[in-house]
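Working notes for the structure below.
All ligand and atom numbering here is 1-based and tracks the order in the structure. Numbering of residues begins at 1 and proceeds along the displayed sequence.
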Amino acid sequence: MVQVNGNYLKLKAGYLFPEIARRVKAFSEANPEAPIIRLGIGDVTEPLPQACRTAMKAAIDEMGTHAGFHGYGPEQGYPWLREAIAQHDFQARGCQVSAEEIFISDGSKCDSSNILDILGPDNRIAVTDPVYPVYVDSNVMAGRTGEADDAGRYGGLTYLPITAANGFSAEIPEQPVDLIYLCFPNNPTGAVASREQLQAWVDYARRHDALILFDAAYEAFIQDPELPHSIYEIEGARECAIEFRSFSKNAGFTGTRCALTVVPRGLLGTAANGEKVELWSLWNRRQCTKFNGVSYIVQRGAEAVYSAEGKSQVQGLIRFYMDNAAIIRRELSAAGLQVHGGEQAPYVWLKTPEGLDSWGFFDKLLNQAHVVGTPGSGFGAAGEGYFRLSAFNSRARVEEAMERVRAL
Ligand code: MLT
C-alpha cells in the first residue's frame, strides 16, 4: 500500500494563487461577459526586452549547428552568466560575491523551497506575517512544522508580524531562531528594509549562529538610492545569509524561467555531531544530483539583461510598472483607502474598507468591479483586513481597474 506524505495533509487551503484562479474561473463561467482585470498574482504582462529576444534567437540558431549545439550544461549555470551577474548585480554595488557563489536556476520559488534539502529538520524557523506563502508551505510539506491552528498559523513556526503598527518591518524575535526568511522589497506589503534594519538582522544571525534566507526578487524596483539591494551590502552577511534573485519580475521572465541563488563560500552550518559544514558544498551537491540546469537559450537571454541595451530596456520595464503602481496608489488614496507600499515595489498593500475582511473585499471587487486582487489573509493571519494589488498589467487595464474601483 503506497503511503502519502502526511505533511501535505496539514496544509490549510489550496495554494493561494490557484485558489484565486479557481474562484475567478467560477465567476467567469457564471458571468461570461464580465471583462475581468487581473491585478492578483504578480505576473508580468509586458513583452520580453528586445535584447533578450535577440540573444535567445541567436542561441536557437547556434543550437541548430553541430558547432554551436549545447547538451547538458553545468548544473550551476554557464560561467559567462554567473560572471555577468557577479559583476553587475553584486561587485558593482560593493558586494564581494564571486561567480562561483552564484547558482543559476529556474526560479526563486523553487530555490527558496529546495534549500530545505540541505538544512536540518530541527531548525527553529521564523517567517514574517504576512509572508510569501511558499516559505511556509514548503516547510509544512517537508515536515518542519506542527499542525495549523484556526488562524492558519502552524505550530513550531515563529511568526514576526509586519503591520502598520511597526511600519511593516520585521522585528527581531525575543526567542532564538535558527532560520529566518526575509523578503525585501517585501511581497506582499511592498515595504522595504533600511540598511540599519538589515544590519540588525545580520548581527542577530551572527550572534545566534542563525541563517538568513534573503529573497531579493524585487530589488530592481527600489527607487531610493540609499536602500540596499542585496543582503551582502550589509557587513557580516556573507557569514550568515543566502540570497535568492530572479529575472522574472525585472526582465519579464516569469514564463521563460531563470533565477539565481547566492551561497557564499565559507558560510557554515552545523552537523548533528557539532562539526561545521560549508553550505556551498551541500547546495552544489544537491543541484548536481537533482537539477540539470536552465536551458542554454534562456541563459543567453538572461545574460543580455546586462548588456547596455538590455539594462536600458529593463529600466524601461521597471519604470512602466512603477508608474502603474503610482497610479494605483493615487487612485486608491483618492477613493479614501489607506495605502502602503507601491513606492519601492510593484505591490500596493491597502487596508480593506470598514466592515469588509480580505476575502469579503476580494468578492466585492470581483463581483462589482470585475477586478481581481489578492486577499491579505492569504499571506498570513496578520494580513487579514488588507488586500494586495499588483502593478503588473498594461497601463490601459490598470487605469480601467482604478476607474472601476473608484466608482464602487
Ligand atoms: C506573487 O504574486 O506573489 C508572485 O507572483 C508569486 C511568485 O513570484 O511566485
Mark up the atoms of ligand 1 that fall under 4.0 Å of a heavy atom belonging to [X], in ascending order.
X: Ile41; value: 2 (O), 5 (O)
X: Asn187; value: 1 (C), 3 (O)
X: Tyr132; value: 6 (C), 7 (C), 8 (O), 9 (O)
X: Arg388; value: 1 (C), 2 (O), 3 (O)

Discussion item. Using 30° and 60° as the class boundaries, would you call the ring planes of Phe387 and Phe361 parallel, tilted or perpendicular?
Written reply: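 Plane angle over 60°, so perpendicular.
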Worksheet item: What class does the angle between the rings of Trp80 and Tyr296 fall in, given that below 30° is parallel, 30 to 60° is tilted and above 60° is perpendicular?
Response: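 Plane angle over 60°, so perpendicular.
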Worksheet entry | Rounded distance [0.5 Å steps], CG in Asn114 versus CD in Gln287 |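 With rounding to 0.5 Å, CG (Asn114) is 7.0 Å from CD (Gln287).
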Discussion item. Can you list everything that forms a side chain to side chain contact (heavy atoms under 4.5 Å, CB included) with Ala334? Sequence neighbours excluded, please.
Written reply: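 For Ala334 the side chain to side chain contact (heavy atoms under 4.5 Å, CB included) partners, ignoring immediate neighbours, are Arg406.
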Worksheet item: Lys249 to ligand 1: N or O pair under 3.5 Å?
Response: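 By distance alone, the answer is yes.
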Worksheet item: Does ligand 1 have a heavy atom under 4.0 Å from the side chain of Tyr347, from its backbone, from both, or from neither?
Response: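 For Tyr347, only side-chain atoms sit under 4.0 Å from ligand 1.
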Just distance, no hydrogens or angles: give the donor-acceptor pairs under 3.5 Å from side chains in residues 69-77, sequence neighbours left out.
from: His70; atom 1: ND1; to: Gly68; atom 2: O; distance (Å): 2.8
from: Gln76; atom 1: NE2; to: Asn284; atom 2: OD1; distance (Å): 2.7

